[in-house]
Amino acid sequence: MATILITGANGQLGNELNSASKKFYGYDFIFTDIDTLDLTSPEQTEKTIKSLRPDWIVNCAAYNLVDKAETDPEMAILINSTAVKNITDVIRGTECKFIHVSTDYVYEGNSNVPYDENSATNPLSAYGRSKLAGEKHALIHPGSMVIRTSWLYSTFGNNFVKTILKHGKEKESLRVVFDQTGTPTYAADLAGAIITIISGVIRNQFAFNAGIYNYSNEGVCTWFDFAAEIIKEAELKCIVNPVLTRDYQLPASRPVYSVMNKSKIKENYVTCAVRLREFHTFWFF
Ligand SMILES: NC(=O)c1ccc[n+]([C@@H]2O[C@H](COP(=O)([O-])OP(=O)(O)OC[C@H]3O[C@@H](n4cnc5c(N)ncnc54)[C@H](OP(=O)(O)O)[C@@H]3O)[C@@H](O)[C@H]2O)c1
């Protein structure tokens, strides 16, 4: 029976993987988070991986505080980069497959066509730089897939959908930027795609192809469009007003455009395409 170790499992994606795993029989899923496996500790990481001997590791652990990372870049590097090195230091030279999750914020955002996996990276933020450094550590292991995703939301944890719902219930109006364009991703869809890839490879339905892959839901919108859709679907009265990024200053710069081309994951792992749903179907209501 294949052993699949999920790290950082108490977050949005980890929880969705936990839910999705219940529909996949015949695999031994092990879920850990900082309390059971602190990936910033090389000793703990080595001890745990060597004792569990997983066939697959899916790393969902991350430091996602994009603005806070500007003043605490060391912490972002420790969790988003050094921790990834701690994993690959242990699995290099083994058959263990590694799926590491990264972000659209590795792209600069000055494109007007969707970014593919060969597009140049140039992160604008400390968070983006720490994630790009983590990708490089992941890819040192020949059995690694890096999946870049964007604008993740789920019923678990904190995310944009929950923030807009909370403020939308409390306030008469909201200001949301309308000059940053990207694609929201329902974490349950990403979790489903990851498990589909793992089970498909185990059952020889797909060949495992290492490297970088983009994955988001389909569709394109601005944060303003996304907020307006959330308010509409929740039937709230709050008015959403568009503002320019320059009038809504935050510590970290974000890409103006981070839409991703998903052709590679669709071509390599055909059935994942069915999970590239339109983003505006919510499971919250
Ligand atoms: N959220 C987004 O909008 C977004 C967008 C693009 C890409 N991504 C990427 O997608 C992946 C999943 O994101 P997510 O939203 O599910 O993240 P999340 O909800 O923030 O979950 C991350 C988990 O990692 C844990 N963690 C932190 N430090 C750790 C350590 N040293 N060892 C083990 N676990 C640790 C966190 O615990 P604590 O809560 O206790 O810190 C948390 O449970 C990440 O790689 C993220 O960078 C996310």
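Quick caveat, the model's predicted, so the values are computed rather than measured. For the numbers below, each heavy atom of this structure counts, side chains included, while hydrogens, waters and symmetry mates do not. Remember, it's 1-based here, ligands and their atoms both numbered in the order they're listed.
Aromatic ring centres of Phe29 and Trp56 lie farther apart than the 6.0 Å criterion allows. For Tyr269 and Phe206, the ring centers are positioned less than 6.0 Å apart.
Heavy atoms of Trp151 found under 4.0 angstrom from ligand 1 belong exclusively to the backbone. In Asn64, the part holding a heavy atom less than 4.0 Å from any atom of ligand 1 is the side chain.
Nearest residue to atom 32 (N) of ligand 1 from Leu39, Asn59, Leu190, Asp35 is Leu39 (criterion: closest heavy atom). Nearest-heavy-atom check against atom 11 (C) of ligand 1 across Thr149, Asn15, Val101, Val106 picks out Val101. Counting heavy atoms only, Asp33 comes closest to atom 43 (O) of ligand 1 of the residues Thr40, Asp33, Thr36. The residue among Gly128, Ser102, Gly11, Ser150 with a heavy atom at the shortest distance from atom 7 (C) of ligand 1 is Ser102.
Distance from atom 12 (C) of ligand 1 to its nearest protein heavy atom, with residue and atom name: Cys60 O, 3.8 Å. In this structure, atom 33 (C) of ligand 1 lies nearest to the protein heavy atom Leu37 O, 3.3 Å. Of all protein heavy atoms, the one lying nearest to atom 31 (N) of ligand 1 is Asp38 OD1, 2.9 Å.
Close N/O approach between Lys131 and ligand 1 is found [any backbone or side-chain N/O within under 3.5 Å]. Inclusion of Tyr127 in the set of residues having an N or O under 3.5 Å from an N or O of ligand 1 is warranted. By the 3.5 Å distance cut-off applied to N or O atoms, Leu152 is counted among the residues near ligand 1.
A cation-pi contact links Lys97 to Phe208, judged by a cut-off of 6.0 Å to the six-membered ring centre and 45° from its axis.
Taking each heavy atom of Asp104 and Pro255 in turn, the nearest pair found is O-CG, 4.3 Å.
Side chain of Asn159 to main chain of Ser154: a donor-acceptor pair is present (N/O by atom type, distance under 3.5 Å, no hydrogens or angles). A distance-only check finds a donor-acceptor pair linking the side chain of Thr36 to the backbone of Asp33 [under 3.5 Å].
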